[in-house]
Amino acid sequence: MAVDFKKSNAPLNTITRDTVLMAEKTGNVYEMVNIIAKRANQISVDVKEELSKKLQEFANYTDNLEEVFENREQIEISKFYERLPKPVSIATQEYCEDKLYFRRPDQSAKDKADDPKEE
């Protein structure tokens with residue numbers, strides 16, 4: 001699920017949320033936390049890959065430790081990614097805005113077994 005995390009309206013600082021109200025979609029607080037955690041991991045991997053690709057352009061493959069190059073553009077890219085909301089904040093915001101699709105594998109198998117069209 002590709003989401004432009006740069007345009008996310010997730011908060012940059014900590015806010016208090018009503019977990020009972022948020023868990024109404026799943027009926028279980030632990031399931032809600034699991035869904036948000038899995039999405040946060042996906043976002044984290046995407047952000048890390050994108051940052052690595054951008055910083056790869058500035059890679060210096062010399063073995064000389066005396067030569068340290070400060071590239072202004074590289075510093076600005078790093079600062080931009082540091083200022084982004086944390087992956088958990090983005091995932092939580094997506095969950096609250098109903099932008100996440102989730103399903104229970106055991107439930108969908110049960111629904112197929114109960115479906116009279118299948119017979």
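Just so we're clear, the structure is a prediction, and the values are computed from it rather than from any experiment. If you read the sequence from its start, that first residue is 1, and numbering goes on from there.
- Partners of V29 according to the side chain to side chain contact (heavy atoms under 4.5 Å, CB included) rule, which considers only residues two or more places apart in sequence or in another chain, are A23, M32, V33.
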How far apart are the C-alpha atoms of I43 and E94, what are their side-chain angles, what is the distance that settles it, and do they pass the side chain to side chain contact (heavy atoms under 4.5 Å, CB included) test?
CA-CA 11 Å; I43 293 169; E94 288 178 357; 4.1 Å; yes

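- Atoms CG and CG, on N34 and N28 in that order, are 9.5 Å from each other to the nearest 0.5 Å.
- Under the 3.5 Å distance criterion, the side-chain polar atoms of S78 are matched with a main-chain donor or acceptor of Q74.
- A salt bridge links E50 with K54; the closest basic N to acidic carboxylate O contact falls under 4.0 Å.
- Qualifying side chain to side chain contact (heavy atoms under 4.5 Å, CB included) partners for L51, counting only residues two or more places apart in sequence or in other chains: L55, I77, Y81.
- For the pair T26 and Y95, the minimum side-chain heavy-atom distance is below 4.5 Å.
- Annotation for E76: atom CD counts as buried by contact number, over 12 foreign heavy atoms lying within 6.0 Å.
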Does the pair R39 and T92 meet the rule for a side chain to side chain contact (heavy atoms under 4.5 Å, CB included), with working shown?
CA-CA 9 Å; R39 179 62 183 139; T92 304; over 6 Å; no

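- Between the CZ atom in F102 and the CD1 atom in I36 there is a gap of 9.5 Å [rounded to 0.5 Å].
- Closest of all the heavy-atom pairs between A91 and A40 is CB-N, 3.7 Å.
- In this structure, the side chains of R17 and C96 come closer than 4.5 Å at one or more pairs of heavy atoms.
- Taken from CD1 in I35 to CZ in R103, the straight-line distance is 12.0 Å, to the nearest 0.5 Å.
- The salt bridge (Lys or Arg N to Asp or Glu O under 4.0 Å) contacts involving residues 79-89 comprise nothing, where partners must be two or more places apart or lie in separate chains.
- With rounding to the nearest 0.5 Å, the separation of OG in S52 from CD in E57 is 12.0 Å.
- Not a single side-chain hydrogen bond (donor to acceptor under 3.5 Å, both in side chains) links K48 to another residue, sequence neighbours left out.
- Partners of D98 under the side-chain hydrogen bond (donor to acceptor under 3.5 Å, both in side chains) rule, at least two apart in sequence or in another chain, are K25.
- Checked against side-chain hydrogen bond (donor to acceptor under 3.5 Å, both in side chains), E31 has the following partners two or more places apart in sequence or in another chain: R104.
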